[in-house]
Amino acid sequence: MLFGNYINFFLVRNASVSIELPLVNVSTCELCSVIRFFTAKNETAVNIHRNLVSVYGEGCMSIQMIRRWRSWFLEKRA
């Protein structure tokens, strides 16, 4: 069942088994907000990347870019 791009997962139901598939179309703005949130909670870049991959899939954003954005947020540059 699809409710638009605001839902993090598609839920596929097959009899008694449910499978979660990651959302493919994610905006940079949404990822920025998530990274800013986890940075404010003092999460490491590795943990932020793990969380993003678990929700958005492997191709969401590289660990290097997350480190860069996190450092910008910590330096109050972004």
Side-chain angles (χ1 to χ4, degrees):
M1 192 179 292
L2 176 64
F3 294 104
N5 287 336
Y6 299 107
I7 303 296
N8 288 339
F9 292 102
F10 296 109
L11 186 60
V12 178
R13 293 180 187 246
N14 183 5
S16 63
V17 177
S18 65
I19 303 169
E20 292 181 353
L21 300 175
L23 183 62
V24 177
N25 298 328
V26 59
S27 69
T28 305
C29 178
E30 184 177 351
L31 292 176
C32 177
S33 299
V34 173
I35 294 168
R36 185 183 296 254
F37 172 77
F38 281 119
T39 300
K41 290 184 69 172
N42 292 325
E43 290 288 333
T44 64
V46 173
N47 286 338
I48 295 171
H49 184 258
R50 242 183 245 135
N51 284 309
L52 289 177
V53 168
S54 71
V55 174
Y56 299 110
E58 286 293 326
C60 67
M61 184 176 280
S62 68
I63 185 72
Q64 292 86 1
M65 187 59 73
I66 292 172
R67 283 187 180 120
R68 183 177 301 156
W69 284 22
R70 185 177 180 278
S71 70
W72 289 342
F73 294 141
L74 290 173
E75 295 170 1
K76 310 268 192 261
R77 291 183 1 186

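- When all heavy atoms are compared, the tightest approach of R70 to I35 is N-CG2, 4.3 Å.
- Side-chain heavy atoms closer than 4.5 Å link hydrophobic residues (I, L, V, M, F, W, Y) into clusters, and following such links, even through other members, never connects V34 to V46.
- Remark: R50 pairs with N47 by the side-chain hydrogen bond (donor to acceptor under 3.5 Å, both in side chains) rule, at least two apart or across chains.
- L74 and W69 sit in two unconnected hydrophobic clusters of ILVMFWY residues. Membership requires side-chain heavy atoms under 4.5 Å apart, directly or through other members.
- In this structure, CZ on R67 lies 9.0 Å from OG on S62, to the nearest 0.5 angstrom.
- No continuous path of ILVMFWY side-chain contacts below 4.5 Å connects I63 to V53, so the two sit in separate hydrophobic clusters.
- Between E43 and K41 there is no salt bridge, since no side-chain N of the basic residue sits under 4.0 Å from a carboxylate O of the acidic one.
- Atoms CZ and SG, from F73 and C32 in turn, are 3.5 Å apart once rounded to the nearest 0.5 Å.
- Using a distance-only test at 3.5 Å, with no hydrogens or angles considered, a donor-acceptor pair links the side chain of H49 to the main chain of M61.
- Note that the OG atom of S33 and the CD atom of E30 stand 7.5 Å from one another [nearest 0.5 Å].
- Of the inter-residue distances, the one linking R36 atom CZ with L31 atom CG reads 13.5 Å to the nearest 0.5 angstrom.
- Residue L52 comes nearest to C60 through the heavy atom pair CB-SG, 3.8 Å, listed as atom of the first residue, atom of the second, then distance.
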